[in-house]
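A short worksheet on the structure shown next.
Just so it is clear, the values below take in all heavy atoms, side chains as well, and ignore hydrogens, waters and symmetry mates.
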Amino acid sequence: MTRNTLALAIAASSLGLIAQSAHAGGFIEDSKASLTLRNFYINTDNRNGPASPSKQEEWGQGFMLNYSSGFTQGTVGFGVDALGLLGVRLDGGGKSGKAGVDRQPGTIFPLESDGSAVDEFSSLGMTAKAKISKTEFRYGTLQPKLPVVVYNDARLLPMTYEGGQVTSTDIDNLTLTGGQLTHTKGRNSTDWRSMSIAGANGSSASSRDSNKFYFAGGDYKASKNLTLSYYYGELDNFYKQNYLGLVHSLAVGTGTLKSDIRVFISDSDGKNGSASGRADGYVSSGYYGGNSLKGEVDNNVYSGMFTYSLGGHSIGAGYQTMTGDSDFPYLNRGDGEGTSTYLISDAQLLKFNRAGERTWIGRYAYDFAELGMPGLTFSVLYLNADNIDTKQGDKGEWERDIALGYVVPEGTFKGLGLAWKNAAMRSGLPATSTAGVPSQRDQDENRLIVSYTIPLL
């Protein structure tokens with residue numbers, strides 16, 4: 001309540017300054033508002049493990065109201081944004097964890113105390129903003145999409161973060177971003193929570209978290225076809241992470257070859273870097289064998305994705321390898337709600353981010369506009385991994401994703417989107433937890449999504 005009140009107070013202060021300005025035309029004239037409707041169905045079939053087979057099946061209707069004001073005129077311009085979210089249950093799929101039930105909720109709706117899905121859930125996010133030249137300051141509800149922190153929008157409603165952020169494009173060809181996040185609200189939740197990493201979080205009293213995540217970095221467009229990136233992220237008392245990236249496009253024949261190189265260097269921070277801190281629960285998931293530094297963040301990622309596009313076709317191949325004893329660390333609420341990473345291996349079901357893991361990636365996509373059917377797209381993605389470090393030796397896993405989508409390109413229903421996403425995943429890891437060995441159940445999954453955005457302003 002206190003944090004929401006503070007955000008509203010700052011927004012109200014901005015509005016007060018706007019009211020005092022005799023030339024506040026930009027605030028109104030440049031305002032934009034839209035309502036996005038998303039109908040989302042998901043069916044996840046767990047193919048092994050406890051109560052095999054068991055399914056999570058849910059269906060809901062989401063409403064996302066986005067309002068973004070312009071800025072008042074003057075040297076410093078002020079404005080305010082708002083994000084209203086509402087999810088309505090159409091089918092909750094039984095009760096989570098109830099014996100003998102082959103359909104369970106828990107992926108797109110919050111749960112009642114008895115394990116059933118709620119009828120509806122909603123939240124309101126406010127963001128105050130100010131702008132000087134080409135530098136913008138924002139405080140309140142944020143949805144960052146950076147290499148070191150990526151918000152997730154893969155369910156009925158998106159997740160959000162709370163904090164402050166500054167973005168500047170005052171220097172030509174250079175975009176600089178920095179800030180601090182304090183809390184996160186999950187994609188199927190209405191409450192703000194602190195942040196953590198896999199291994200230290202969960203519902204038990206021994207779980208540990210932090211409300212300080214610092215980030216900074218930039219993207220430099222060195223030439224028309226080359227962009228270089230550097231970012232830094234730090235979750236207080238857990239990890240420090242450096243990211244280096246390169247994206248390059250090269251004309252090859254009548255097509256284009258895109259190279260996407262990504263490197264992450266992650267080390268311990270604060271309590272995670274001390275034996276006493278790790279003993280207190282500030283630990284990372286991973287496999288440490290006889291290493292006395294069990295639970296300490298120690299992970300490097302080296303990856304590259306190369307995609308050749310010609311006409312409506314694009315074909316890509318990539319490789320990613322993990323070194324170090326820990327899994328790849330990233331912000332995680334620890335309550336089963338998904339978060340995203342900037343790994344090239346972040347797929348529909350898996351992230352392929354385990355200690356020692358090596359992943360080969362193949363992707364094909366086609367845009368049917370080349371055949372006179374604009375708006376229709378198809379893609380297939382395959383990832384195969386090995387060398388996952390466990391007490392029982394190296395393990396492997398694979399995933400295959402298929403996506404078919406259509407967006408109405410013109411006419412009365414212009415922008416109406418239809419999508420089908422299918423995924424299959426099989427893992428060599430056990431379906432139930434074993435000491436020194438992570439668990440992973442085999443899964444098949446289908447998602448059906450209908451979306452439409454209505455401009456209001």
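Tyr243 and Tyr231 have tilted rings, their planes meeting at an angle from 30° to 60° on a 0 to 90° scale. Between Phe264 and Phe328, the ring planes lie perpendicular to each other; the angle is over 60°, past the 30° to 60° tilted range. A tilted orientation is assigned to the rings of Tyr382 and Trp398, their planes being inclined by 30° to 60°.
Annotation: salt bridge (charged side-chain N to carboxylate O under 4.0 Å, His left out) contacts involving residues 294-306, sequence neighbours excluded, comprise Arg278-Glu296.
Cation-pi contact between Arg447 and Phe40: absent, since separation from the ring centre below 6.0 Å together with deviation from the ring axis within 45° is not met. Relative to the ring axis of Phe238, Lys271 does not place its NZ or CZ within 45° and under 6.0 Å from the centre.
In this structure, a donor-acceptor pair under 3.5 Å is present between the side chains of Ser229 and Asp219. Using a 3.5 Å distance cut-off with no hydrogens or angles, the side chains of Ser31 and Tyr67 do pair a donor with an acceptor. A side-chain donor from one of Asp327 and Ser285 sits under 3.5 Å from a side-chain acceptor of the other. Residues Asp280 and Tyr282 have side chains that never bring a donor and an acceptor to within less than 3.5 angstrom of each other.
The pair Asp269-Lys240 meets the salt-bridge criterion, with a side-chain N (NZ, NE, NH1 or NH2) lying under 4.0 Å from an Asp/Glu carboxylate O. Salt-bridge check for Lys221 with Asp172: failed, with every basic side-chain N at 4.0 Å or more from each acidic carboxylate O. Ion pairing between Asp260 and Lys258 fails under the 4.0 Å rule for side-chain N and carboxylate O. For the pair Arg193 and Asp209, the salt-bridge criterion is not met [side-chain N within less than 4.0 Å of a carboxylate O].
In this structure a side-chain-to-backbone donor-acceptor pair under 3.5 Å is present from Thr127 to Thr141. Of the possible polar contacts, one joining the Asn299 side chain to the Ser326 backbone as a donor-acceptor pair under 3.5 Å is found. In this structure a side-chain-to-backbone donor-acceptor pair under 3.5 Å is missing from Asp389 to Asp325. Between the side chain of Asp346 and the backbone N or O of Thr341 there is at least one donor-acceptor pair closer than 3.5 Å.
With sequence neighbours excluded, the residues satisfying side-chain contact (heavy atoms from CB on, under 4.5 Å) with Ser274 are Ser276.
For the atom pair CG (Asp267) and CG (Asn242), the distance works out to 8.0 Å, reported to the nearest 0.5 Å.
Closest heavy-atom contact between Glu399 and Leu350: OE1-N, 2.9 Å. Taking each heavy atom of Gly281 and Ala200 in turn, the nearest pair found is O-CB, 3.5 Å. Closest heavy-atom contact between Asp401 and Gln348: OD2-N, 3.1 Å. Annotation for Gln143 and Tyr151: closest pair O-CD2, 3.4 Å, computed over non-hydrogen atoms.
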Please list every donor-acceptor pair under 3.5 Å in which a side-chain atom of residues 153-161 meets a protein atom from a residue at least two apart or in another chain.
residue	atom	partner	partner atom	Å
Asp153	OD1	Arg38	NH1	2.9
Asp153	OD1	Arg38	NH2	3.4
Asp153	OD2	Arg38	NH2	3.2

